[in-house]
Amino acid sequence: MSLNKPARAGAVLLAACAGVAFAAVPASAVLPDGPALARNVTKKVTVDGINRHLVALQRLADRNGGNRAVGTPGYEQSVDYVAAKLTAAGYDVTTPTFTYPVQVTDAATAKVGAKTVAALPMELSPQTPVGGITAPLVAVPQDATPGCEASDFAGLPVAGSIALIRRGGCTFGVKQANAAAAGAVAVLVANNVDGPLSGVTLGDPGLVPTGGVSKADGDALFATPGATATVDLRFHVDERPARNVVAETKTGRKNNVVMAGAHLDSVPEGPGINDNGSGSAALLETALQLGGSPKVNNAVRFAWWGAEELGLVGSTKYVQSLTFEQQLDIALYLNFDMIASPNAGYFVYDGDDSDATGAGEGPYGSAQIEAAFAGFLGSQGVQTEGTDFSGRSDYGEFIANGIPAGGLFTGAEGVKTPAQAAKWGGQAGVAYDRCYHAKCDNLGNLDRTALDRNADAIAWVTASYAISTEEINGVPPKTAKAKQAKAAQRTAAIEKAERRAFTAPKVVHGVTA
């Protein structure tokens with residue numbers, strides 16, 4: 001994707017390295033020309049080091065009910081693990097507290113005839129009245145993208161019905177919006193993997209009550225199309241405390257900070273090793289290898305967010321807690337959410353909206369960040385594609401406040417196309433991560449080649465911007481600024497000498513003229 005765009009500043013120094021054959025990147029991979037710091041940190045960030053953090057996150061989940069969801073001991077111990085590592089590495093570390101809304105279920109059922117199944121309300125779903133909504137059940141055909149297009153509902157008696165849709169192919173928000181537009185009064189989404197469908201969000205406030213049912217219960221409901229169903233989805237909301245982790249280098253300018261983040265929480269269904277242990281662990285290893293007092297021009301601030309799975313709460317509240325001047329201190333934000341999906345794609349956030357899909361371009365500087373990531377991966381022989389700023393991860397509040405952003409993503413429940421399989425390997429027609437938001441998102445649910453490649457890109461781009469963000473916001477590196485100042489001083493001295501020479505009295509044959 002980005003390799004076919006006009007070159008930007010972030011890609012110019014990488015252009016000579018493009019075209020390397022597509023293959024697993026060895027530890028001794030040839031790095032492109034760039035700052036010495038970027039080269040050194042990238043060489044030191046290894047998949048073995050990252051994997052040790054992933055093993056730690058898996059074990060923290062295993063000894064705490066199988067997950068690291070916010071509000072659980074597994075999450076709290078994950079916060080402590082990350083904070084301790086960063087403190088030992090010499091960072092200024094804080095774990096600021098925020099509050100997040102907890103949807104406490106009061107009613108969560110779908111009843112068809114004498115059979116009642118659990119139907120868990122999705123985050124941001126409207127509620128049903130007490131007693132629920134009763135209407136005919138209409139099953140949407142189960143193709144590769146069920147409920148993802150308005151045409152999926154054509155010819156079905158959806159108006160006034162409860163739409164039953166299989167998970168997969170697009171977001172839950174898209175499915176319920178299409179069903180509501182077709183006239184559905186409620187929506188049930190059936191899981192496409194074993195287990196309940198809980199801890200999920202519509203992304204934006206929903207239009208009709210929407211709940212999730214397990215795969216087994218969904219299979220049973222799909223066998224009863226046209227039957228009268230009653231859906232009862234009610235809840236109340238509590239506010240509870242949680243912590244982010246924020247660590248900043250002791251060196252570098254504090255008014256031109258490079259910020260990078262990843263969410264640390266999992267969903268309740270599993271340990272969250274790809275989502276988002278992969279991004280969290282790669283970011284942690286990058287921070288540890290950079291060190292708390294590196295020789296940088298710009299301070300680097302790393303963050304591990306809580307309650308992302310409940311609606312990007314930790315990152316949103318962090319940005320909102322900053323004054324405008326404090327937001328101005330952040331030069332850019334880099335986001336890493338799922339960077340080792342087992343059927344990996346290589347996606348870079350589409351900062352310039354060259355794909356003309358979805359939300360549009362990011363704030364100025366986002367295009368340059370996209371080019372920097374795509375350029376580095378291209379130098380390693382990895383072709384990339386753009387992915388929309390869809391609002392599904394923690395960059396959201398940053399770009400909403402004009403802070404340029406970018407990052408990497410290897411895909412979630414979306415399905416890999418034949419063209420992508422030909423380009424990247426893996427299986428066409430299969431989700432990038434078949435264990436997305438599921439119990440099986442464990443240490444076996446990783447593509448470690450993708451993890452290695454993306455971790456190198458994270459280290460390279462983060463360290464490069466720690467030296468200079470000039471292409472993003474015009475702030476030059478200190479060395480360049482010092483040279484400019486010295487040049488200005490020399491010019492001023494020369495001009496002053498010339499003025500003195502011009503105004504000094506002239507002596508002709510011993511007589512002052």
**Prompt:** Under 3.5 Å, is there a donor-acceptor pair between the Asn256 and Asp329 side chains?
**Reply:** no
**Asked** Between Ser278 and Leu446, which heavy-atom pair has the shortest distance, and what is it?
**Response** CB-CD2, 4.5 Å
**Request:** For residues Val296 and Ile467, report the shortest heavy-atom separation together with the two atoms involved.
**Result:** CA-CD1, 4.3 Å
**Message:** I'd like to know whether Leu202 forms a side-chain contact (heavy atoms from CB on, under 4.5 Å) with Gln176, so could you lay out the CA-CA distance, the side-chain angles of the two residues, the decisive distance to 0.1 Å, and finally the verdict.
**Reply:** CA-CA 8 Å; Leu202 294 176; Gln176 69 86 34; 3.7 Å; yes
**Under 3.5 Å donor-acceptor, Asn442 side chain and Gly444 backbone** = yes
**Derivation and outcome, salt bridge (Lys or Arg N to Asp or Glu O under 4.0 Å), residues Glu285 and Lys44** = CA-CA 9 Å; Glu285 188 65 10; Lys44 291 193 292 184; over 6 Å; no
**Item:** Rounded distance [0.5 Å steps], OG1 in Thr469 versus CD in Glu471
**Value:** 8.5 Å
**Asked** With distance as the sole criterion, is a donor-acceptor pair present between the side chains of Glu413 and His437 under 3.5 Å?
**Response** no
**Asked** So among Ile273, Asp433, Asp275, which one has a side-chain contact (heavy atoms from CB on, under 4.5 Å) with Asn445?
**Response** Asp433
**Prompt:** Has the side chain of Trp424 got a donor or acceptor atom that lies under 3.5 Å from a matching backbone atom of Gln383?
**Reply:** yes
**Request:** Check each of Trp305, Phe98, Trp304, Tyr333 against Tyr318 using the ring pair (Phe, Tyr, Trp, His ring centres under 6.0 Å) test, and report the only one that passes.
**Result:** Trp305
**Prompt:** Will you find, in the side chains of Thr99 and Glu239, an N or O donor that is under 3.5 Å from an N or O acceptor?
**Reply:** yes
**Complete:** Nearest heavy-atom approach of Pro477 to Ser468 is CD-OG, 3.3 Å
**Message:** Less than 4.5 Å apart, side chain to side chain, heavy atoms only: is that true for Lys43 and Gln289?
**Reply:** no
**Item:** Between Asp441 and Ser266, a side-chain donor and acceptor under 3.5 Å
**Value:** no
**Message:** Quick check: closest heavy atoms across Val313 and Pro101, and the distance to 0.1 Å?
**Reply:** CG2-CD, 4.1 Å
**Donor-acceptor contact present, side-chain Arg301 to main-chain Val258, <3.5 Å** = no
**Message:** Quiz question: by atom type and distance under 3.5 Å, do the side chains of Gln77 and Asn64 form a donor-acceptor pair?
**Reply:** yes
**Message:** Please check: side-chain N/O of Ser366 versus main-chain N/O of Ala405, any donor-acceptor pairing under 3.5 Å?
**Reply:** yes
**Request:** Please check if atom CZ in Arg59 has more than 12 non-hydrogen atoms from other residues, nucleotides or ligands closer than 6.0 Å.
**Result:** no
**Prompt:** Would you say the side chains of Ser393 and Asn335 form a donor-acceptor pair under 3.5 Å?
**Reply:** yes
**Request:** Assert yes or no for the condition that the ring centre distance of Phe347 to Tyr432 is strictly below 6.0 Å.
**Result:** yes
**Item:** Heavy-atom side-chain contact between Leu86 and Phe302 under 4.5 Å
**Value:** no
**Asked** Are a donor atom and an acceptor atom from the side chains of Arg167 and Asn191 found within less than 3.5 Å of each other?
**Response** yes
**Message:** For a side chain to side chain donor-acceptor pair (under 3.5 Å) check, start with the C-alpha distance between Arg166 and Asn192, then their side-chain angles and the critical distance, and finish with the verdict.
**Reply:** CA-CA 7 Å; Arg166 185 67 73 179; Asn192 56 359; over 6 Å; no
**Prompt:** If you take all heavy atoms of Ser464 and Ala38, which pair is closest and at what distance?
**Reply:** OG-CB, 3.4 Å
**Flag for Tyr75-Arg243: side-chain donor and acceptor within less than 3.5 Å** = no
**Message:** Would you say that Tyr349 contacts Leu408 through its side chain, given a criterion of any heavy-atom pair below 4.5 Å between the two side chains?
**Reply:** no
**Where Ala356 and Asp350 come nearest, the two heavy atoms and their spacing** = N-OD2, 4.3 Å
**Request:** Tell me yes or no: between the side chains of Asn343 and Arg434, is some donor less than 3.5 Å from an acceptor?
**Result:** no
**Asked** Taking the side chain as C-beta and beyond, is there a heavy-atom pair between Thr249 and Tyr91 under 4.5 Å?
**Response** yes
**Item:** Distance-only polar pair, side chains of Asp352 and Ser354, donor-acceptor under 3.5 Å
**Value:** yes
**Side chains of Ile339 and Ile458 in contact at under 4.5 Å (non-hydrogen atoms)** = yes
**Prompt:** What do the steps show when you test Lys250 against Asp92 for salt bridge (Lys or Arg N to Asp or Glu O under 4.0 Å), and what is the final call?
**Reply:** CA-CA 7 Å; Lys250 290 183 169 69; Asp92 289 328; 3.5 Å; yes
**Message:** Could you check whether Ser341 and Asn274, counting side-chain N and O atoms only, form a donor-acceptor pair closer than 3.5 Å?
**Reply:** yes
**Test item: side-chain donor near acceptor, Glu149 and Thr145, under 3.5 Å** = yes
